[in-house]
Amino acid sequence: MQDRDPNANAAYIRDVPLLARLPDEDVSLLAARGRVKRFSAGATLFHEGDAGDSLYVVIDGRIRISRLSGSGAEATLAIVGKGDCVGEFALLDSRPRSATATAQTATRTFVVSRDDFRDWVRQRPEASLALLETLSLRLRRTDEAITDLMFLDLPHRLAKHLLTLAASVEAQPGRRVRIQVTQGELASMLGVSRESVNKQLNQFARDGWITISRGAVTIDDGEALRLMA
């Protein structure tokens, strides 16, 4: 299902990090070029190897980014939420998708094609800085993940990753935060076995920091996790 109301689209994307620093006029012009597209839980936005022809901005919901190894094993690279971008590399080159994007929950996205985005940038050259900032942030996150892998043990990395995932979940201050993520996905993102993640999650649960449920982890004591991270 797709919406093409420019005014509604502008309201949806006004505060996403990619566009937050741009004048309202620039955002409105981009909103008129794109559309809102909805995905049900479990639906695939695009597959690894597909033609990369558009950018998706998450309005609400959660999207899992994954890749397949040569042996067919699936690795979760990231789980993104409101305000995050998916497929931004497609705006810079014509190469196939480097990963698969799957909606974890019912998800709304603002979608704009590469051609429309490039035309918009040509008209508003200063807007290209927003894209560069977004790509820079993505590289910083990658650098941080590599550094964590090299220098932090699993308890610290897991605590830090749970807090990162929790930051993308809308919740009232001081309330428990429920993260929809499986132990297999956590293991894949951290590059360890599911058994190792299960063991450490259970230790966090015994300490009273989290509650484990099927397909989810609820953070009960965020401060304890922050001290660990």
Please evaluate residues Val80 and Val86 with respect to the criterion side-chain contact (heavy atoms from CB on, under 4.5 Å), reporting the C-alpha separation (whole Å), side-chain torsions for both, the decisive distance (0.1 Å), and the verdict. CA-CA 8 Å; Val80 300; Val86 179; 3.7 Å; yes
Using a 4.5 Å cut-off on heavy atoms from C-beta on, say whether the side chain of Val27 contacts that of Ile13. yes
Tell me, do Arg114 and Leu55 make a side-chain contact under 4.5 Å, heavy atoms counted? no
Donor-acceptor pair, side chain of Asn202 and main chain of Ala205, under 3.5 angstrom: no
Does any pair with a residue in residues 216-229 pass salt bridge (Lys or Arg N to Asp or Glu O under 4.0 Å), and if so which ones, sequence neighbours excluded? Arg176-Asp220, Glu223-Arg226
Do Leu77 and Ser66 make a side-chain contact, defined as non-hydrogen atoms from C-beta onward lying under 4.5 Å apart? no
Evaluation steps, side-chain contact (heavy atoms from CB on, under 4.5 Å), between Val121 and Arg124: CA-CA 5 Å; Val121 168; Arg124 305 278 173 169; over 6 Å; no
Glu185 and its salt bridge (Lys or Arg N to Asp or Glu O under 4.0 Å) partner, picked from Arg64, Arg62, Arg194: Arg64
Is there a side-chain contact between Thr76 and Val181 (heavy atoms, below 4.5 Å)? no
Kindly compute the distance separating CG (Leu152) from NE2 (His161), expressed to the nearest 0.5 Å. 13.0 Å
When clusters are formed by joining ILVMFWY residues with side-chain heavy atoms under 4.5 Å apart, either directly or through shared neighbours, do Phe89 and Leu68 land in the same one? no
Test log, rule side-chain contact (heavy atoms from CB on, under 4.5 Å), inputs Ile65 and Thr100: CA-CA 6 Å; Ile65 310 300; Thr100 296; over 6 Å; no
Same cluster or not: are Val192 and Leu163 linked, directly or through other Ile, Leu, Val, Met, Phe, Trp or Tyr residues, by side-chain heavy atoms under 4.5 angstrom apart? yes
Taking the side chain as every heavy atom from C-beta outward, state whether Leu30 and Phe117 have any atom pair closer than 4.5 Å. yes
Dump the intermediate steps for salt bridge (charged side-chain N to carboxylate O under 4.0 Å, His left out) on Asp60 and Lys82, then the final yes or no. CA-CA 5 Å; Asp60 52 51; Lys82 181 178 179 180; over 6 Å; no
Any chance you could measure Tyr56, atom OH, to Ile63, atom CD1, to the nearest 0.5 Å? 9.0 Å
Any salt bridge between Asp148 and Arg157, counting N to O under 4.0 Å? no
In Å and rounded to the nearest 0.5 Å, what is the SG to CZ distance from Cys85 to Phe110? 10.5 Å
Between Thr109 (side chain only) and Lys37 (backbone N and O only), is there a donor and an acceptor less than 3.5 Å apart? yes
Would a 4.5 Å heavy-atom cut-off, applied to side chains only, mark Val112 and Val57 as touching? no
Would Met189 and Val58 show up in the same hydrophobic cluster when neighbours are defined by side-chain heavy atoms closer than 4.5 Å? no
Give a yes or no answer on whether the side chain of Ser188 reaches the backbone of Gly184 with a donor-acceptor pair at less than 3.5 Å. no
Rounded distance (nearest 0.5 Å) linking atom CZ of Phe151 with atom NE2 of His156: 14.5 Å
Is there a path from Leu149 to Met228 through hydrophobic residues (I, L, V, M, F, W, Y) whose side chains come within less than 4.5 Å of each other? no
Considering non-hydrogen atoms only, spot the tightest contact between Ala31 and Ala10 and give its length. CB-N, 3.5 Å
Hey, does the side chain of Thr147 reach the backbone of Asp143 with a donor-acceptor pair shorter than 3.5 angstrom? yes
Measure the shortest side-chain to side-chain distance between Arg38 and Thr107 over non-hydrogen atoms and say whether it is less than 4.5 angstrom. no
Determine whether Leu154 and Leu162 fall in the same hydrophobic cluster, where Ile, Leu, Val, Met, Phe, Trp and Tyr are linked whenever their side-chain heavy atoms lie under 4.5 Å apart. yes
Lys/Arg N to Asp/Glu carboxylate O, Asp119 vs Arg122, below 4.0 Å: yes
Taking 4.0 angstrom as the limit, do Asp50 and Arg97 come out as a salt bridge? no
Using modelled atom types only, decide if a donor and an acceptor are shared between the side chain of Trp120 and the backbone of Asp26 within a distance under 3.5 Å. yes
Looking only at non-hydrogen atoms, find the nearest pair between Ala103 and Ser40 and report the distance. CB-O, 3.6 Å
Do Glu74 and Arg67 sit within salt-bridge range, that is, some charged N less than 4.0 Å from a carboxylate O? no
Approximate separation, where rounding is to 0.5 Å, of Thr164 OG1 and Ile79 CD1: 11.5 Å
Inter-residue atom distance Gln183.CD - Leu158.CG, 0.5 Å rounding: 9.5 Å
Criterion side-chain contact (heavy atoms from CB on, under 4.5 Å) on Thr44 and Phe39, from CA distance to verdict: CA-CA 8 Å; Thr44 300; Phe39 296 90; over 6 Å; no
Short question: side chain of Ser113, backbone of Asp116 - any donor-acceptor pair under 3.5 Å? yes
Test item: Asp207 side-chain N/O and Trp209 main-chain N/O as donor-acceptor pair under 3.5 Å: no
Salt bridge Glu144-Lys160, side-chain N to carboxylate O under 4.0 Å: yes
Beyond-backbone contact of Val36 with Ile59, side-chain heavy atoms, under 4.5 angstrom: yes
